[in-house]
Amino acid sequence: MPRVGSDPKLAFIYQSQPARVVFGEGSLAKVPQEIDRLGRSRVLVIATPGRRKLADELATRLGPKSVGVFDRAVMHVPAETADAGRAEAARLDADCYIAIGGGSATGLAKAIALISGHPILCIPTTYAGSEMTSTWGLTEGGIKKNARDARVLPKTVVYDPALTTTMSAMLSATSGMNAVAHCVEALYAEQPNPIVSLMAEEGIRAMARSLPVVVKEPASMEARSLALYGAWLAGASLGAAGMALHHKLCHILGGAFNLPHAETHTVLLPHAAAYNQPAAPQAMERVARVLGSKSAAQGLWDLEARLGVPLSLQSIGMKREGLALAADLAVKTPSYNPRPLEREAIRALLEDAFSGQAPRSWPAA
Ligand code: NAD
């Protein structure tokens, strides 16, 4: 009997996300008409300092519809940055936000929209995927809090692959692995469903095909388009299916130790997949099949080695003395994972990731 998704009984809930997606090279030019479509006329453009030039160009393109540019987005949305962004949006009487950039710009726009309720139009320039989710995050006192709220789901997402060609090979590869992580966790989600699993599998396929080309030929529009398509599927999978241990550990390491987001995802992913392998064999079989490997963890590890990305937490700024606290935080609050969260096993997983060892083979649950 063929099996659909990872639910042999075929019972599921599928909630489609109401975002409008405009995809293709040159789509940036369509942003003014998309703002008209939203019926808004006072746009605040939000970016990281690194994307300021792009944000200014967009504001110019919007003409009188733009009321300003706020370029103070940083990773993990510190509470004080959110406060500053909310104050600026209120001062300018903005009625719409455009986030142009990676997940940090999107995250700040979400923090502002959470309070005001005004719509967000997103123009992603990395593969983080936040533009397709209703999840917002805020970091306060070293703890990153995440929650869902329909108000922060961007109403329109404009994907223009031309904007991603400026990403370095390293940012492209690690951001791409961030997207792959969304797909992997969607495949063993608490409430899996066959549609999301199809998107997630296709997302991994698109990323695994495109990223090796992207790192060698960053200007290849064909590879950039395929990677951004994969990032859309990955974000949509994350938005529909939710997260498990892998994302939880990344949030802990980002919030408590300020580790870089995409690199942290990259280092942890093969280890989280190995940890969950015994408890989610069907999902892992799909990942392994797409990657053409004998196991999901090995396939992810091999892809990363090929991309030349960091493979140890140590190399991205983690200190060994923080591992015990990270393991404590992982089990402190209950959360879904296909395999129960066992403190000592998670400590061992983190040790493997810290030192950059290949993912281990865990005994059957
Ligand atoms: P980022 O947005 O911080 O970008 C990383 C750096 O790359 C920044 O300096 C930025 O200016 C630069 N950059 C962005 N696009 C570029 C381009 N095209 N060319 C050159 N440089 C470019 O990093 P990110 O990985 O995209 O996003 C990480 C953040 O997103 C984290 O805070 C993470 O928690 C959040 N996130 C949230 C969700 C969600 O669903 N809420 C999902 C994924 C990520």
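Whatever order the structure lists ligands and atoms in, that order sets their numbers, starting from 1.
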Shortest non-hydrogen contact between Val158 and Leu28, atoms and distance: CG1-N, 4.2 Å
At their closest point, which heavy atom of Arg224 faces which heavy atom of Pro218, and how far apart are they? NE-O, 2.8 Å
Verify whether the ring centers belonging to His247 and His265 lie closer than 6.0 Å. yes
May I ask you to decide whether Asp328 forms a salt bridge with Arg343, counting only side-chain N to carboxylate O separations under 4.0 Å? yes
Provide, to 0.1 Å, the distance between [atom] and the closest protein heavy atom, together with that atom's residue and name.
atom	answer
atom 15 (N) of ligand 1	Thr125 OG1, 2.7 Å
atom 20 (C) of ligand 1	Arg51 NH2, 3.3 Å
atom 24 (P) of ligand 1	Gly103 N, 3.5 Å
atom 23 (O) of ligand 1	Met75 CE, 3.6 Å
atom 41 (N) of ligand 1	Thr135 O, 3.0 Å
atom 6 (C) of ligand 1	Leu171 CD2, 4.5 Å
atom 17 (C) of ligand 1	Thr166 OG1, 3.4 Å
atom 25 (O) of ligand 1	His261 CD2, 3.8 Å

Could you pull out, from Ala128, Ser104, Ser130, Ser175, the option with a heavy atom nearest to atom 39 (C) of ligand 1? Ser130
Below 4.0 angstrom from a heavy atom of [X], which ligand 1 atoms are there? Numbered from 1 as shown, please.
X	result
Leu163	18 (N)
Thr133	39 (C), 40 (O), 41 (N)
Lys144	32 (O), 33 (C), 34 (O)
Gly102	2 (O), 26 (O)

For atom CZ of Arg205, decide whether the heavy atoms of other residues, nucleotides or ligands shown that lie under 6.0 angstrom number more than 12. yes
Determine whether more than 12 heavy atoms belonging to other residues, nucleotides or ligands lie under 6.0 Å from atom CZ of Arg37. no
Any Met132 heavy atom less than 4.0 Å to ligand 1: no
Is it true that His251 lies under 4.0 Å from ligand 1, counting heavy atoms only? no
Does any N or O of ligand 1 fall below 3.5 Å from an N or O anywhere on [X], backbone included?
X	result
His76	yes
Ala105	no
Gly129	no

Quick look: Thr48 vs ligand 1, heavy-atom contacts under 4.0 Å, and the answer is side chain
Any side-chain heavy atom of [X] within less than 4.5 Å of one from [Y]?
X	Y	result
Pro212	Leu303	yes
Leu187	Pro192	no
Val43	Leu121	no

Residue pairs fulfilling salt bridge (Lys or Arg N to Asp or Glu O under 4.0 Å) with at least one residue in residues 10-31, sequence neighbours excluded: Arg20-Glu34
With the threshold set strictly below 4.0 angstrom, can you tell me whether any protein non-hydrogen atom sits that near atom 9 (O) of ligand 1? no
Just do the salt bridge (Lys or Arg N to Asp or Glu O under 4.0 Å) check on Asp56 and Arg52 with the steps written out, would you? CA-CA 6 Å; Asp56 283 338; Arg52 173 78 203 210; 3.1 Å; yes
List in chain and number order the residues that pass ring-ring contact (aromatic ring centres under 6.0 Å, His included) with Tyr275, two or more places apart in sequence or in another chain; answer none if no residue qualifies. Trp362
